[in-house]
Amino acid sequence: MTAQAEARRDPTRGVGPSGARAEPPIPASAGVGLKPAHYRDILEARPPVGWFEVHPENYMGAGGPPHRYLEAVRERYPLSLHGVGLSIGGAQPLDTAHLERLAALVRRYQPGLFSEHLAWSTHTTGFLNDLLPLPYNESTLAHVARHVSQVQECLGRTMLLENPATYLRFQDSSIAETEFLEELASRTGCGLLLDVNNAYVSAVNHGFDAADYLDRFPMEFVQEIHVAGHVRRLDDLDQPLLIDSHDTPVPDPVWILLERALKQCGPQPVLVEWDSDIPEWAVLMGQAERAQHTLERCHPAAYRHHANAC
Amino acid sequence: MPTLAETQARFVAALRNRDTAPLPLVLGRDGEIPALRFDVYRNNVHVSLVNAIAAAYPTVERLVGPDFFRGMARVFVGEALPQTPVLLDYGAGFPAFIERFSPASTLPYLADVARIDWAWHRAYHAAEGQSLTPRDLSAVPAEHLGGARFTLHPSVQALASPWPSLSIWRTNRHDDEVRSVNLRAGGEETLVSRPGHEVGVWHLPNGGSRFLHRLLAGETLSDAAGATGAEFDLVTTLQTLLTSGAIAHYRF
Ligand SMILES: [Fe+2]
């Protein structure tokens, strides 16, 4: 048995003072956001999903069933941690207690990837639990870059940063979002998480072309892709207003954008996000299968498993 | 150009207060002041935090109905944002808030029912620990038992209420059809514990929660029992503590 396989069989083994247990990387296949409603389905049926992703904030209790289930899932699948609470774009200093909690989870679960959002959610008055938009300019860029570096230093690894879905822009934004992300990645060495649903939502909300956004996106830094669903409304001026709700199947325009993105950035891990009105497992599995087919259609050579094995 | 801190302070003020003037800093698609677009953020913040309260207080929600519950939780969220991004810890102050929320004053037991929900929620996320079985304790000679001090399982919490709050909690939490509870039946005490994977809720004899708090403070069994009064049912209390896996260790 290889050291890695042995470490996976016994999660406590091989964790030295250096935290040396080797994590399996996240494969370039379809993954699913792990929800408590599906713990049992997944552990009993062991569905052929490439990997799972969780919000680490939901596993920041001291113990209990959430950790037992996550340990069990982690023994069977690669795991990615996708933070929603770090407020990396917040004007105030990063919450070092929260960073410590993240570092502890990273040591415990050895995730293949750690990602967060280009957004802010904490203010001196408290935690707002939403991914709020940032003005894109030189001073924000320098500020967010410092925070990304601090996170990477504290966690002892590189992180991925995700493009947000936005409903508003700032008057004092002077840099395009794609350029802003590219600059952040080059300055800090972080990777990027491209959420094609967010790209689509923002494109419709601000009246630009999502395909054009993808063409400008710095694909060389992309290490993960998200797909999700949204809802369509109208704003006060009867303009379409898409809301990044993560409560529906992935709509067709987002699947089309996924193909476009995959052709540009090569095979990548693709996550199906579904965070409220959670359907039964079979529905999510169907979405994951569609994501996997899209990967295989875009990159047939990369998925010819057996033919090329010898 | 405003600093990032100024921009965010202004954004938060408008998020939290509908009467705060629209933000000239923020533009929608055509440069208009887009009220509905700003409302998406306002809504996301408050609905998601109300949902976090609902997740921790399912019995209260069932008892008062979803409309009243969400209205009440929305006022709570308006008063107190979470102080960390760990939403599992958000809502500890909700029972005390219910106590002074005047529209709920016709349900004087509601805050104590909420306290059982919160104890359940904390027990669910509490650290792992050991639980002694009755056999473990039977190894202690009876004459030494009074001098024993106990460490309790990290999930253990005890609550006392002047209302039959546990009976109300139970029927609202578990029964398909809520049974009526006689409010004049007197007070009830409750023990919450999570010995293994599952949170359990037990009825404690009168004085049991006081006894437990004294054990937690490190008093010996006989000192803790002595302080609760002559009518205290020590035998039933000890049995409940053992069945519920509440005792982790003893020492002398
Ligand atoms: Fe995403």
Side-chain angles (χ1 to χ4, degrees), chain A residues 57-68 83-87 89-92 95 97-98 101 120-135 137 139-140 143-144 166-174 204-207 233-237 239-241 243-244 276, chain B residues 1-9 11-13 15-16 23-49 51-52 77 80-90 121-129 154-155 194 197-199:
Chain A
E57 288 76 10
N58 293 337
Y59 296 88
M60 288 183 175
H67 284 292
R68 289 172 199 254
V84 292
L86 202 47
S87 194
Q92 62 194 72
D95 177 346
H98 193 62
R101 288 189 286 265
W120 61 286
S121 50
T122 295
H123 183 250
T124 48
T125 48
F127 176 64
L128 296 147
N129 199 35
D130 193 27
L131 300 165
L132 301 169
L134 282 166
N137 54 45
S139 89
T140 317
H143 181 72
V144 176
T166 56
Y167 311 108
L168 294 166
R169 291 173 295 128
F170 285 88
Q171 230 161 16
D172 51 344
S173 275
S174 53
V204 171
N205 287 345
H206 304 303
R233 304 252 186 283
L234 291 176
D235 75 5
D236 335 33
L237 304 170
Q239 303 281 1
L241 173 59
I243 299 172
D244 180 35
S276 57
Chain B
M1 197 170 82
T3 65
L4 190 60
E6 285 162 356
T7 302
Q8 294 186 351
F11 201 97
V12 171
L15 274 179
R16 296 286 281 162
L23 296 169
L25 304 173
V26 178
L27 297 181
R29 190 163 160 166
D30 300 314
E32 77 283 19
I33 304 282
L36 270 184
R37 289 170 173 242
F38 196 76
D39 275 351
V40 178
Y41 292 112
R42 216 178 242 145
N43 199 54
N44 283 352
V45 168
H46 295 105
V47 169
S48 71
L49 292 177
N51 287 345
V77 166
L81 286 175
Q83 290 307 300
T84 82
V86 186
L87 289 184
L88 307 174
D89 296 332
Y90 181 51
H121 177 76
R122 281 183 51 190
Y124 187 78
H125 294 289
E128 309 300 323
S155 64
R194 196 205 76 227
H197 306 234
E198 271 183 59
V199 179

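Chain letters run A, B, ... following the sequence lines, proteins first and then strands; every chain starts at 1.
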| Interatomic distance, A:Ile243 atom CD1 to B:Tyr41 atom OH [nearest 0.5 angstrom] |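 These two atoms lie 10.5 Å from each other.
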Q.
How long is the straight-line distance from NE2 of B:His46 back to CG of A:Asn129, given to the nearest 0.5 Å?
A.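 The distance works out to 11.0 Å.
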Side-chain heavy atoms of [X] within contact of [Y], under 4.5 Å:
| X | Y | answer |
| --- | --- | --- |
| B:Leu15 | A:Leu132 | yes |
| B:Ser48 | A:Asp130 | no |
| B:Leu87 | A:Phe127 | yes |

Measure across [X] and [Y] and return the closest heavy-atom pair with its distance rounded to 0.1 Å.
| X | Y | result |
| --- | --- | --- |
| A:Pro240 | B:Arg37 | O-NH2, 3.7 Å |
| B:Leu88 | A:Gly61 | CD1-N, 3.3 Å |
| A:Gly63 | B:Arg194 | C-NH1, 4.3 Å |
| B:Leu36 | A:Leu234 | CD1-O, 3.6 Å |
| B:Gln8 | A:Gly89 | NE2-O, 2.9 Å |
| B:Ala127 | A:Ala62 | N-CB, 3.6 Å |

Listed by chain and number, what are the side-chain contact (heavy atoms from CB on, under 4.5 Å) partners of B:Ala13, not counting sequence neighbours?
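Counting only residues at least two positions away or on another chain, B:Ala13 forms a side-chain contact (heavy atoms from CB on, under 4.5 Å) with B:Thr20.
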- Task: Name all residues meeting the side-chain contact (heavy atoms from CB on, under 4.5 Å) criterion together with A:His98; count only those two or more places apart in sequence or in a different chain, and write none if there are none.
- Result: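 In terms of side-chain contact (heavy atoms from CB on, under 4.5 Å), with neighbours along the sequence ignored, A:His98 is linked to A:Glu57, A:Met60, A:Leu86, A:Asp95, A:Arg101, A:Leu102, B:Pro85, B:Val86.
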Evaluate B:Met1 against A:Asn137 for side-chain contact (heavy atoms from CB on, under 4.5 Å), listing each step before the verdict. CA-CA 11 Å; B:Met1 197 170 82; A:Asn137 54 45; 3.8 Å; yes
Need one label for [X]: side chain, backbone, both or neither, based on atoms under 4.5 Å from any heavy atom in chain B.
| X | answer |
| --- | --- |
| A:Asn58 | backbone |
| A:Ser276 | neither |
| A:His143 | side chain |
| A:Leu168 | both |

Measure [X] against the heavy atoms of chain A and call it side chain, backbone, both or neither at under 4.5 Å.
| X | value |
| --- | --- |
| B:Thr7 | side chain |
| B:Pro154 | neither |
| B:Tyr90 | neither |
| B:Ala52 | neither |
| B:Ala126 | backbone |

Could you have a look at [options] and say which one has the most heavy-atom pairs with chain B under 4.5 angstrom?
| options | value |
| --- | --- |
| A:Thr122, A:Leu131, A:Thr125 | A:Thr125 |
| A:Gly85, A:Ser87, A:Ala97, A:Ser121 | A:Gly85 |
| A:Ser139, A:Gly83, A:Gly90 | A:Gly90 |

*asked:* Classify the ring geometry of A:Trp120 against B:Phe11: parallel below 30°, tilted from 30° to 60°, perpendicular beyond 60°.
replied: perpendicular
- Crowded around B:Gln83 CD? As in, over 12 foreign heavy atoms under 6.0 Å?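 Atom CD in B:Gln83 is crowded, with more than 12 foreign heavy atoms closer than 6.0 Å.
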